[in-house]
Amino acid sequence: MVKFYNTFTKKKEEFYPIEDKIVRMYTCGPTVYDFAHIGNFRAYVFEDLLHRFLEYIGYRVIRVMNITDVDDKTIKGAKKEGISLKEYTDRYIKYFLEDMDILRLKKPDFMPRATEHIKEMVQLIKKLLDKGYAYYKGNSIYFSISKFPNYGKLSGIDLSNVKIGARVDSDEYEKEDVRDFVLWKEAKEHEGVYWETEIGRGRPGWHIECSAMSMKYLGETFDIHTGGVDNIFPHHENEIAQSESATGKKFVNYWLHCAHLLVNGEKMSKSKGNFYTLRDLLSKNYNPVAIRYLLLSAHYRDPLNFTEKSLKQAENTVKNYNEFYQGLNICASEKNNPVIKQEIEKAKKSFIEGLSDDLNISFSLSSIFNFIKNINVFFSKGEFGKENVKEVKDFIEDIDRVLCIIEKKEESLPAEFLNLIRKREQARKNKDFVEADKIRDFLKQKGIILEDTPYGTRWKKIK
RNA sequence: GGCCUGGUAGCCAAGCGGGAAGGCAGCGGUCUGCAAAACCGCUAUUCGCCGGUUCAAAUCCGGCCCAGGCCUCCA
């Protein structure tokens with residue numbers, strides 16, 4: 001049984017999708033005006049874990065991640081460089097997709113761009129106008145929150161506490177209620193970005209794209225909607241209001257939000273200059289898999305404090321984990337140990353148990369590390385056969401469908417080095433340790449570490 | 001000011017009423033020709049602080065301190 005903490009009910013709930021064995025899931029994606037930073041990626045890694053885990057336990061996941069390619073920041077950025085909006089956003093979309101690959105993030109089934117769904121947004125806004133939930137002020141269109149009694153339920157916000165008139169755009173027309181939000185923005189000549197539509201000349205507000213695109217690909221009611229906690233209000237609150245007003249149906253069954261990433265204990269912000277992009281870290285030679293591991297290894301609803309020290313720790317963990325995985329091959333014994341299979345079953349059960357409990361990854365990881373410890377005991381005692389190697393490798397690869405932290409190195413050595421290793425083994429048999437150590441030292445200088453095991457000598461390259 | 005999280009060893013991090021998981025780092029040992037790897041042991045009489053409830057609290061309640069989030073665009 002899988003449980004998730006649902007922001008809407010503020011409780012951990014058993015998870016049942018609408019359609020048996022199929023999960024429809026929407027994850028708020030990037031606004032493509034710059035490189036994404038690791039804070040953004042924390043959310044995407046969390047969503048990736050959710051996606052992969054649901055598939056691991058047998059669900060078919062249909063996932064949508066939107067790309068916001070029209071808003072104030074993208075328009076401003078394109079204008080500043082004197083290029084078209086499309087040219088500008090295409091560039092950052094490309095970078096984003098590259099970053100996703102580097103962090104081994106699974107591609108959602110759909111990554112719709114807002115600018116390619118103007119028609120759907122217009123239809124939705126029209127519906128809201130027809131039903132009386134939206135109104136024109138000038139040529140802009142607003143959603144009237146007073147018409148939606150449940151407004152504020154997701155965020156638990158008390159509307160009377162929302163600061164009134166905190167920000168008034170000079171060219172924004174008077175809204176009926178300052179807390180109303182914009183669905184459609186009247187074209188501004190200086191922006192030069194607008195669409196001629198039946199509801200007027202303009203561009204969409206931010207919130208409407210997620211409602212229009214999620215419902216297009218997932219239906220009017222779907223299972224899971226995710227994002228960072230900062231999306232709860234007003235973004236997701238507004239999505240619920242406009243979607244449910246338009247359809248008269250429940251929009252989303254489970255809302256999952258991840259906490260923020262801190263950098264050195266502080267909020268990440270441009271003014272402090274304390275944010276990292278993925279590229280910043282890669283240029284410092286950090287292992288991208290370790291970045292993934294670090295973002296993955298803390299519970300998604302707890303704030304995660306990112307430091308380079310913790311990243312180095314993550315690198316060591318990932319390295320040890322992979323050395324375990326890669327080092328199994330050496331074993332060539334025919335003697336099979338039947339206990340290994342039981343260990344695998346035990347570990348797999350705990351692994352699933354942890355993640356089933358609102359993605360308690362720490363619990364799952366501890367079961368895997370305990371498993372590795374147990375396997376190492378059998379391995380170093382020589383109670384481990386060729387068949388066991390396959391079983392254990394298969395298991396590590398199996399859970400890697402969720403974790404994605406193994407590195408399959410198809411490394412080889414030049415024949416001369418392999419000959420040296422054979423020569424050294426012969427020397428050791430002859431008790432010629434001077435010669436043996438000479439060869440070992442030589443190879444070490446070449447970046448090759450030798451390890452003698454009960455099954456023979458194995459080698460690995462220094463990173 | 002209102003609402004909401006979190007504070008567990010040197011660092012990261014589970015546990016959320018009755019034995020303080022796991023990872024990283026460090027030290028000692030076993031194994032080894034020597035190493036490496038692995039394993040074993042040690043490193044929190046104690047879980048931000050102060051009270052309270054209870055036979056029993058890191059876990060529940062109250063107060064306080066610290067950090068962070070939302071209330072305005074933000075993963």
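To find a chain, count down the sequence lines: A is the first, B the second, and so on, and within it residues start at 1.
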Check: Within the structure shown, what part of the strands sits under 4.0 Å from G227(A) by heavy-atom distance: base, sugar-phosphate, or nothing?
Finding: sugar-phosphate
Note to self: How many whole angstroms separate atom CD of Q313(A) from atom P of rG26(B)?
What the structure shows: 11 Å
Note to self: In whole Å, measure the gap between the C1' atoms of rG6(B) and rU59(B) for me.
What the structure shows: 15 Å
Note to self: Distance check needed: rA37(B) C1' versus F384(A) CZ, whole Å only.
What the structure shows: 15 Å
Next item on the list: Nearest whole angstrom, please: distance from the P of rU32(B) to the NZ of K431(A).
Entry: 11 Å
Checklist line | Complementary nucleotide for rC39(B) - Watson-Crick or wobble, under 3.5 Å | finding: rG29(B)
Notebook entry, point to check: How is L450(A) classified with respect to the nucleic acid when contacts are heavy atoms under 4.0 Å: base, sugar-phosphate, or nothing?
Noted result: base
Next item on the list: To the nearest Å, give me how far apart CG (L261(A)) and P (rC12(B)) are.
Entry: 13 Å
Checklist line | Nucleotide nearest H260(A) when distance is taken to its side chain, options rA75(B), rG10(B), rC71(B) | finding: rA75(B)
Next item on the list: Mind checking F379(A) for me? I need base, sugar-phosphate or nothing, with any heavy atom below 4.0 Å counting as a touch.
Entry: nothing
Check: Can you tell which of rC11(B), rA75(B), rA37(B) lies closest to the side chain of T31(A)?
Finding: rA75(B)
Next item on the list: Using whole Å, report how far CG of N231(A) lies from C1' of rU72(B).
Entry: 14 Å
Notebook entry, point to check: Contact class for S380(A) vs. all strands (heavy atom < 4.0 Å): base, sugar-phosphate, or nothing?
Noted result: sugar-phosphate
Item checked: Side chain of K373(A) (C-beta onward), nearest among rC40(B), rC73(B), rC34(B) -> rC40(B)
Next item on the list: Can you figure out which of rA75(B), rA35(B), rA21(B) approaches the side chain of R440(A) most closely?
Entry: rA35(B)
Note to self: What's the closest nucleotide to the side chain of N305(A) if the choices are rA75(B), rC12(B), rC34(B)?
What the structure shows: rC12(B)
Next item on the list: Verify whether one side chain among T457(A) and E451(A) offers a donor that lies under 3.5 Å from an acceptor in the other.
Entry: no
Next item on the list: Taking atom P in both rG28(B) and rA36(B), compute the distance separating them and give it to the nearest angstrom.
Entry: 12 Å
Margin query: My understanding is that a pair needs two contacts under 3.5 Å, Watson-Crick or G-U wobble. By that rule, which nucleotide pairs with rC47(B)?
Written below: none
Next item on the list: Keeping the roles fixed (side chain from S211(A), backbone from Q242(A)), state whether a donor-acceptor pair exists under 3.5 Å.
Entry: no
Notebook entry, point to check: Is the phosphate of rC24(B), meaning OP1 or OP2, less than 4.0 Å from a side-chain N or O of N320(A)?
Noted result: yes
Note to self: In whole Å, measure the gap between the C1' atoms of rC47(B) and rA13(B) for me.
What the structure shows: 13 Å
Notebook entry, point to check: Once you round it to whole Å, what is the distance between C1' of rU30(B) and NZ of K381(A)?
Noted result: 13 Å
Notebook entry, point to check: Would you say rA14(B) has OP1 or OP2 under 4.0 Å from some side-chain N or O of N360(A)?
Noted result: no
Note to self: For a side chain to side chain contact (heavy atoms under 4.5 Å, CB included) check, start with the C-alpha distance between R203(A) and I118(A), then their side-chain angles and the critical distance, and finish with the verdict.
What the structure shows: CA-CA 8 Å; R203(A) 64 178 172 95; I118(A) 301 296; over 6 Å; no
Margin query: For the P atoms, the ones on rA56(B) and on rU45(B), what distance do you get once it is rounded to whole angstrom?
Written below: 22 Å
Check: Base, sugar-phosphate, or nothing: which does I361(A) touch, judged by heavy atoms less than 4.0 Å apart?
Finding: nothing
Next item on the list: Name the pairing partner of rA67(B), where a pair is Watson-Crick or G-U wobble with both distances under 3.5 Å, or state none.
Entry: rU5(B)
Next item on the list: Specify whether Y151(A) and F148(A) have parallel, tilted or perpendicular ring planes, treating 30° as the upper limit for parallel and 60° as the lower limit for perpendicular.
Entry: perpendicular
Next item on the list: Between G29(A) and V434(A), name the one whose nearest nucleotide on RNA chain B is closer to the 5' end.
Entry: V434(A)
Next item on the list: For G156(A) and for V229(A), find the nucleotide of RNA chain B with the closest heavy atom, then tell me which residue's nucleotide is more 5'.
Entry: G156(A)
Margin query: To the closest 0.5 Å, what do you measure between CG (D302(A)) and SG (C258(A))?
Written below: 11.0 Å
Checklist line | Pair Y56(A)-D398(A), side-chain donor/acceptor within less than 3.5 Å | finding: yes
Notebook entry, point to check: H37(A) and T277(A): side-chain donor and acceptor closer than 3.5 Å?
Noted result: no
Next item on the list: When you get a sec, tell me which of rA75(B), rA14(B), rA37(B) is the closest nucleotide to the side chain of H299(A)?
Entry: rA14(B)
Margin query: If I pick the P atom on rA20(B) and the same atom on rC42(B), what distance separates them, to the nearest angstrom?
Written below: 14 Å
Check: Base, sugar-phosphate, or nothing: which does N376(A) touch, judged by heavy atoms less than 4.0 Å apart?
Finding: sugar-phosphate
Check: Which one, rC34(B), rA13(B), rG23(B), comes nearest to the side chain of D452(A)?
Finding: rC34(B)
Check: Given atom CD1 of I372(A) and atom C1' of rA21(B), what is their separation to the nearest angstrom?
Finding: 15 Å
Checklist line | Mate of rC16(B) where both pairing distances stay under 3.5 Å, Watson-Crick or G-U | finding: none
Margin query: With a 4.0 Å cutoff (strictly under), does any side-chain N or O of N316(A) reach OP1 or OP2 of rC24(B)?
Written below: no
Checklist line | ring centroid sep under 5.5 Å plus plane angle under 30, F433(A) with rG33(B) | finding: yes
Next item on the list: Name the pairing partner of rA58(B), where a pair is Watson-Crick or G-U wobble with both distances under 3.5 Å, or state none.
Entry: none
Notebook entry, point to check: Counting side-chain heavy atoms from C-beta on, which of rU5(B), rG10(B), rA38(B) comes nearest to P303(A)?
Noted result: rU5(B)
Notebook entry, point to check: Which of these nucleotides, rA37(B), rG23(B), rA75(B), is closest to any side-chain atom of F369(A)?
Noted result: rG23(B)
Item checked: E391(A) and N388(A) side chains, donor-acceptor separation under 3.5 Å -> yes
Notebook entry, point to check: Mind checking the P distance from rG10(B) to rU5(B)? Whole angstroms is fine.
Noted result: 29 Å
Margin query: Hydrogens and angles aside, do N287(A) and K319(A) bring a side-chain donor and acceptor to less than 3.5 Å of each other?
Written below: no
Check: Given the P atoms of rA57(B) and rU46(B), what is the spacing between them in whole Å?
Finding: 14 Å
Checklist line | Gap between atoms CZ and C1', on R428(A) and rA36(B) respectively (whole Å) | finding: 11 Å
Next item on the list: For nucleotides rG23(B) and rU8(B), find the distance between their C1' atoms and express it as a whole number of Å.
Entry: 15 Å
Check: Where the side chain of H37(A) is defined as all heavy atoms beyond and including C-beta, which of rA37(B), rA75(B), rG6(B) is the nearest nucleotide?
Finding: rA75(B)
